[in-house]
Amino acid sequence: MDYKKIVADAVFKAIDGQVATEDIYSKIEKPKIAKNGDLSFPAFILAKEMHKAPQMIAQDIVANIASDDFEKVEAAGPYVNFFLSKGVVSSDVIKDVLTKKEHFGDNHNGDDQVVTIDMSSPNIAKPMSMGHLRSTVIGNSIAKILTKNGYKPVKDNHLGDWGTQFGKLITAYLKWGNEDDVRRDPIHYLVQYYIRFHKEDIEHPEYDDEARVWFKKLEDGDPEAVKLWKWFRDVSLEAFNQTYKKLGVEFDTYNGESFYNDKLQDVVDTLKKDNLLEISQGASVVDLSDENLNPALILKTDGASLYVTRDIATAIYRDKTYHPVMNLYAVGSEQTYYFKQLKAVLKKMGLKSASGLHHIPFGLITVNGKKLSTRHGNIILLNEVLDESVKIAKQQIVEKNPTLADKDKVANEVGVGAIIFGDLKNSRIDSIDFNVQEQLKFEGETGPYVQYANARSQSILRKAQDIEIKADGNSLSDEDSWEIIKLLQSFPDVVKRANEEFEPSVIAKYSLKLAKSFNKYYAHTRILSEDNELGARLALVQSISIVLTESLRLLGVKAPKEM
Ligand code: ARG
């Protein structure tokens with residue numbers, strides 16, 4: 001609703017139409033401080049036409065305003081300050097939510113431009129750990145937020161499926177591997193071989209030489225090396241996909257590091273042609289001293305490519321394929337320096353999307369105080385954490401709502417949602433320690449708390465199915481509903497801010513506030529009591545449910561209607 005229009009019309013009437021509404025409209029301002037009202041009209045612009053002192057005009061306008069759209073209208077010197085009545089704002093916001101439904105808060109700022117997001121990107125033959133959870137769920141949520149802001153995201157899973165570690169893995173497998181074991185429980189056994197390799201190569205440095213040979217063979221396309229590598233990749237991807245399915249996350253592409261193998265020579269040639277490549281102690285590097293960064297190592301002394309070589313090829317490929325306005329990387333903060341180097345190299349190469357390259361860092365994650373590492377065998381598997389969470393959710397549901405139909409489905413939505421929400425409610429950059437029990441509490445800052453508020457609103461709406469919902473919020477001017485209205489009204493801005501900051505926690509924190517305000521309202525108000533305002537209260541409850549559900553969706557969390 002255009003509040004300026006309401007003010008302009010009222011002023012127009014108050015001055016007997018001496019100045020056109022459009023001219024009034026264009027001069028209306030939004031005061032910076034709340035005590036000056038919601039909108040303000042500078043009466044001095046009428047001084048010439050009306051041959052009167054601005055202060056006088058302001059006072060006359062105040063005296064002649066006849067509209068209950070305003071709670072009060074005040075003259076402040078040459079200004080007229082308008083305070084909108086809560087009823088007007090309420091009915092307006094609620095009408096807006098109820099007509100737009102899940103599209104409430106959508107905007108077109110992105111202008112349909114493409115944004116690539118590098119996300120999840122686990123390493124083949126290693127379990128997807130809690131460490132990759134953050135990249136997966138942060139990237140997934142940012143993609144949804146981008147869409148809501150009118151962008152077209154492309155989610156790319158940059159699998160770590162290439163590098164010298166595959167030489168080690170092949171060596172280890174050929175020494176100690178067992179085909180049946182790998183078929184039965186691929187990641188578990190592959191990790192065991194890898195761990196054993198790292199234990200034993202301390203006493204057997206020759207293992208490292210063997211591993212180097214195997215990686216070289218792999219690079220040269222040796223059939224045995226390629227066959228094993230492909231097999232490891234396939235079984236790993238199968239396992240990852242189970243986790244993605246649980247999390248409800250999908251990707252547009254899985255172009256892992258290996259996808260860029262045949263594009264690396266081009267990178268090297270281009271760098272050479274642009275005179276960017278220097279030889280330093282036998283290795284090829286790009287000097288970045290003008291950016292105050294260490295040189296980027298492009299080729300090792302033996303000519304082998306590196307992680308960054310593949311990332312340069314990736315960025316060029318994305319640029320050519322998608323023409324993105326932004327190229328985002330949801331990757332842990334330990335790689336911050338690395339992404340500065342990558343961006344600097346790409347800028348030197350004149351890549352179009354280089355200026356739109358943003359590293360979206362996030363902090364470390366620990367589970368019940370335990371750090372995560374594959375090498376030393378101290379791993380907590382994401383899959384196990386998810387399963388545990390679903391199990392606890394199921395117990396809670398059985399206790400609290402024994403008659404609920406479809407308990408398993410709801411337990412899944414609550415258990416998985418709790419883990420996702422528990423991650424996303426934190427500012428990305430903060431390190432978090434994860435306690436699964438804690439995240440599943442129905443009270444406090446948790447996913448289930450928000451889900452439960454939504455389920456409660458749905459249950460109210462179910463009970464009142466036959467009653468007409470009235471979107472004219474005129475009767476809703478009590479303090480609790482006003483707090484909710486203001487929150488609902490701010491949702492479109494929250495959506496924009498989450499996008500600008502690439503920060504899902506903005507949405508998560510918002511949803512907690514809205515759920516809390518609703519619970520307060522619920523505690524103080526007999527929502528279903530049969531009086532004149534019942535329809536308006538139901539409209540409020542429905543609006544809350546729409547926005548809670550949409551907030552959770554933006555986080556990648558389901559909103560069960562009953563739990
Ligand atoms: N596979 C890497 C890791 O687990 C993350 C890859 C991030 N993406 C990229 N384009 N560098 O650390």
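Here, residue 1 is the first one in the sequence, and each next residue gets the next number. All ligand and atom numbering here is 1-based and tracks the order in the structure.
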Determine yes or no for a side-chain-to-main-chain donor-acceptor pair under 3.5 angstrom, with Ser121 supplying the side chain and Met119 the backbone.
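Yes, because the side chain of Ser121 sits within donor-acceptor range (under 3.5 Å) of the backbone of Met119.
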
Where is the nearest protein heavy atom to atom 1 (N) of ligand 1: which residue, which atom, and how far?
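For atom 1 (N) of ligand 1, the nearest protein heavy atom comes out as Asn123 OD1, 2.7 Å.
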
Identity and distance of the protein heavy atom lying nearest atom 8 (N) of ligand 1
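Protein heavy atom at minimum distance: Asp118 OD1, 3.0 Å.
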
Going by an N to O cut-off under 4.0 Å, is there a salt bridge joining Arg318 and Asp156?
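Salt bridge present between Arg318 and Asp156.
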
NZ/NE/NH1/NH2 to OD/OE distance under 4.0 Å, Glu550 and Arg553:
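Judged by the 4.0 Å cut-off on N to carboxylate O distance, Glu550 and Arg553 do form a salt bridge.
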
So, for Trp214 and Tyr173, is the gap between ring centers shorter than 6.0 Å?
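No, the ring of Trp214 stays outside the 6.0 Å limit from the ring of Tyr173, centre to centre.
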
Taking atom NZ as the centre, does Lys513 end up with more than 12 heavy-atom neighbours from other residues, nucleotides or ligands that are less than 6.0 angstrom away?
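No, not enclosed.
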
More than 12 heavy atoms of other residues, nucleotides or ligands under 6.0 Å from NZ of Lys340: is that the case?
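Open.
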
Backbone or side-chain N or O of Tyr307 under 3.5 Å from ligand 1 N or O:
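Such a contact does occur with ligand 1.
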
Consider every N or O of Gln335 and every N or O of ligand 1, then say whether any pair is closer than 3.5 Å.
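N/O-N/O distance under 3.5 Å: yes.
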
Give a yes/no verdict on a cation-pi contact between Lys516 and Tyr449, requiring under 6.0 Å between NZ or CZ and the six-membered ring centre and an angle within 45° of the axis.
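Verdict for Tyr449: no cation-pi partner in Lys516.
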
Under a heavy-atom criterion of less than 4.0 Å, does His132 contact ligand 1?
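It does; at least one heavy atom falls under 4.0 Å.
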
Enumerate the atoms of ligand 1 whose separation from the nearest heavy atom of [X] is less than 4.0 angstrom.
| X | result |
| --- | --- |
| His158 | 8 (N), 9 (C), 10 (N) |
| Tyr329 | 10 (N) |
| Val331 | 7 (C), 8 (N) |

Should one rank Ser120, Ser135, Gly160, Ser121 by closest heavy-atom distance to atom 2 (C) of ligand 1, which comes out on top?
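Answer by nearest heavy atom: Ser121.
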
